[in-house]
Structures are given as structure tokens and as C-alpha cells.
There are 2 protein chains.
Amino acid sequence: MNNYQIDNLDKSILNALMENARAPYAELAKRFNVSAGTIHVRVEKMKQAGIMQGTRVTIDAKKLGYDVCCFIGVNLKHARDYPDTIEQLEKFEEVVEAYYTTGNYSIFIKVMTHSIEHLQDVLINKIQTIEAIQSTETLISLQNPIAREVTP
Amino acid sequence: MNNYQIDNLDKSILNALMENARAPYAELAKRFNVSAGTIHVRVEKMKQAGIMQGTRVTIDAKKLGYDVCCFIGVNLKHARDYPDTIEQLEKFEEVVEAYYTTGNYSIFIKVMTHSIEHLQDVLINKIQTIEAIQSTETLISLQNPIAREVTP
DNA sequence: TATGAAAGACCGCTCCC
DNA sequence: GGGAGCGGTCTTTCATA
């Protein structure tokens, strides 16, 4: 289950499905010169191994009115408050990612909001109400020129 | 094409497909008490409007040997070097995301590597060889407790 | 053990109501 | 927006190397 060593065919399939999860197996089969059955077997194996976790549609956040993307570095009063703080942050739907980091900040989060006013609201009325947080530092993202995944 | 106002049904469909892009339309239809044809029409509309951009399989980077995730704040010597720098960063497959930001850093990137040694290699032999970069600051991510998308 | 070919079930797409 | 038929895709099974 855990350590399935993937070969070149698996990598090719992964790459293709990372671009389009609904690509027909028959098409991949033709492209990689194997049969559709083989594609199916490989996909199932990678699912079993946990390499492929699932399929998601990617949405354009801007089209849904989320115009502002920013990162916020969070400093905690005490490191032990970390689990509680994550639990609280998770309740705010604007917080889409959180990382526990070494370096300048204790927690590093990615926040999506509809506007700068909305961001202010989230900062003041949501994030900074969390007791354990000592200070925050905001980095507003103006552009996102690179957005991809790791290459298998 | 641009400003398609989504309703509650659209939101429900989006939410479902964000969790599983291969969910059968018939199943969604049953769940939301509409017909499969309606699901199809809505999905097509949202595709046309650019709200749904595509489908991706989500992969477990750790299972592919990418154990180290980190963020690197990059400072440029001159702001005008931004486009060139992005172009160069894009060539390094370890750089999976890049943001042009206001605040402490000019560019903020997310980097995935196989190990700390690999990260060092990327930093020294790839990123810091870019002329326009004045300094970098690394935040290593130890955990990623929140990872989701915006709620429609 | 892994692959290839074919049959069956399922799903998505389209037309008409 | 709902329902039915067609075409395509996925899945399974069996034979093979």
C-alpha cells in the first residue's frame, strides 16, 4: 500500500491526469501505446497506493468574486497554542490554507477575500480576535504568475 | 460570458465537484432533486463562464518523494526585474507557485523538494544564481493542516 | 505477473416535451 | 427544467506471453 514504485508509464498517466482528470483512458492508451485496460490497472494501483488522492474541479476564484488573495504570517504568544489556533482559523472560510512553519512566523496562512474591505474585516473581526495570536503580517498578492504542481 | 450570476444549485454542484470531479451527474441530480440534464446544463454554463476551469487529479506529493515544502520570500534589486525573474524561476520545476506581493518581499514562491539537501541545492544552485535577486528568506513548512479552496 | 482484446454496464449528451 | 434514446466511455473478464 505504501511504497509503490512508479515507473515511466505511471508518470505519464499522472501528468496527463493532472492536466485533465477526465481524459478518456482510451485516449491515454493510444498516446502511450498501451491498452485502455492497462491504463485502468495503473490508475487503480496509484489510487490504492494513495498517490492519487482524488479529482477536483479547479475554479476561477476571481469569477466567484474573490478578487483579493493574500498571505498572512502569524506569530503566536506561545508555541503550544498552535493546535487551538488552527482549529479556530479553520472556522473562517476565508482561510484556505495554513502551514506550520519555521522561520519568521509560527503559522502562515493564505486568505481569499472579495475585496480589501472584506480582508480588513477578516483580519480585525476574525483573525485578530484569536487570543493566542500576538501579531500578524500581511502580504497581498497582486499576481500569481506560476501555479502548478510537482512533476512526478 | 463574463458575469454569470450563480445560484444555489450552481453552488451545490460546484461544491460537490470540488470534492470529486468524477461524481456522476445522475447522483448529483438525485442529491439536489433535479434531473441529470439540468446538472449538465449548469455545468456547461459554468464552464462557458470560466468559473470551472478544468479538472485535476490531486496527488500526494509526499508519496512521490517530495517531503519538503517551503516558502521563500524573494527580494529583488530592482522592481523592474520582476518579469525576467519570474521567467527564470519558472524553469525550475521545484518552484510550484509564485506570487507578486506587496509587503516584505517582492516575490513570494512555494518550493517542493525531496529533502533538505535538495532544497539547499535549489536555493544555492538555482534560485540564488539569478542576478536580479538580492536576498531570500526561507520558511520551511512542517505541517499543512488546512488545504482547501474558496467556498462558492 | 502484467498486458491486451472484447463484452457488458454505466454515464453523459442531445432532442423533444 | 424534465424525460428518453443514442453514442461513447469505463469496467470487467478471460486469454496470453
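Because the structure is predicted, anything quoted here is derived from the model rather than measured. To find a chain, count down the sequence lines: A is the first, B the second, and so on, and within it residues start at 1.
Taking Asn20(A) as the reference, Arg22(A), Ala23(A), Thr55(B) meet the side chain to side chain contact (heavy atoms under 4.5 Å, CB included) condition, with sequence neighbours excluded. Shown here are the side chain to side chain contact (heavy atoms under 4.5 Å, CB included) partners of Asp60(B), two or more places apart in sequence or in another chain: Gln53(A), Lys62(B), Lys63(B). Remark: Lys47(B) pairs with Glu44(B) by the salt bridge (charged side-chain N to carboxylate O under 4.0 Å, His left out) rule, at least two apart or across chains. Every side chain to side chain donor-acceptor pair (under 3.5 Å) that Glu97(A) has, sequence neighbours left out, goes to Tyr99(A). Qualifying side chain to side chain contact (heavy atoms under 4.5 Å, CB included) partners for Gln134(A), counting only residues two or more places apart in sequence or in other chains: Lys77(A). Scored by the side chain to side chain contact (heavy atoms under 4.5 Å, CB included) test, Gln88(B) finds Ile130(B) as partners (sequence neighbours excluded).
Within the 4.0 angstrom heavy-atom criterion, only backbone atoms of the sugar-phosphate kind lie near Val34(A); the bases stay farther away.
Here the side chain of Asp10(B) pairs a donor or acceptor atom with the backbone of Asp7(B) at under 3.5 angstrom. The backbone N or O of Leu76(B) lies less than 3.5 Å from a partner atom in the side chain of Ser106(B), making a donor-acceptor pair. Counting only distance, with no hydrogens or angles, the side chain of Arg42(B) and the backbone of Ile6(B) share no donor-acceptor pair below 3.5 Å.
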Could you list the donor-acceptor pairs under 3.5 angstrom formed by side chains in residues 64-74 of chain B, with sequence neighbours left out?
from     : atom 1 : to        : atom 2 : distance (Å)
Tyr66(B) : OH     : Thr151(A) : O      : 3.0

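Around atom CD of Glu90(B), more than 12 heavy atoms belonging to other residues, nucleotides or ligands sit under 6.0 Å away.
Where Arg42(A) and Ala26(B) each meet DNA chain C at their nearest nucleotide, the meeting point lying more 5' is that of Arg42(A).
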**Study point:** nucleotides 5-10 of chain C: protein proximity per nucleotide (B base, S sugar-phosphate only, - neither; heavy atom, under 4.0 Å)
**Key:** ------
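Within residues 8-23 of chain B, the residues having any heavy atom closer than 4.0 Å to DNA chain C are, in order of number, Ala23(B).
The shortest distance between side-chain heavy atoms of Thr136(B) and Asn75(B) does not fall below 4.5 Å.
Across the helix from dT1(C)-dA17(D) to dC17(C)-dG1(D), the helix axis at one end is tilted relative to the axis at the other end by 20° (nearest 10 degrees, each axis from five pairs).
The list of salt bridge (Lys or Arg N to Asp or Glu O under 4.0 Å) pairs with a residue in residues 23-33 of chain B, not counting sequence neighbours, reads Glu27(B)-Arg31(B).
Atoms CG (Leu28(B)) and C1' (dG12(C)) sit 12 Å apart, rounded to a whole Å. Counting to the nearest Å, the P atom of dG4(C) and the CZ atom of Phe32(A) are 14 Å from each other.
Regarding contacts with the backbone of dG12(C), every side-chain N or O of His40(B) stays at 4.0 angstrom or more from both OP1 and OP2.
Taking every nucleotide of DNA chain D with any atom under 4.0 Å from a non-hydrogen atom of chain A, the first and last of them, 5' to 3', are dC10(D) to dT12(D).
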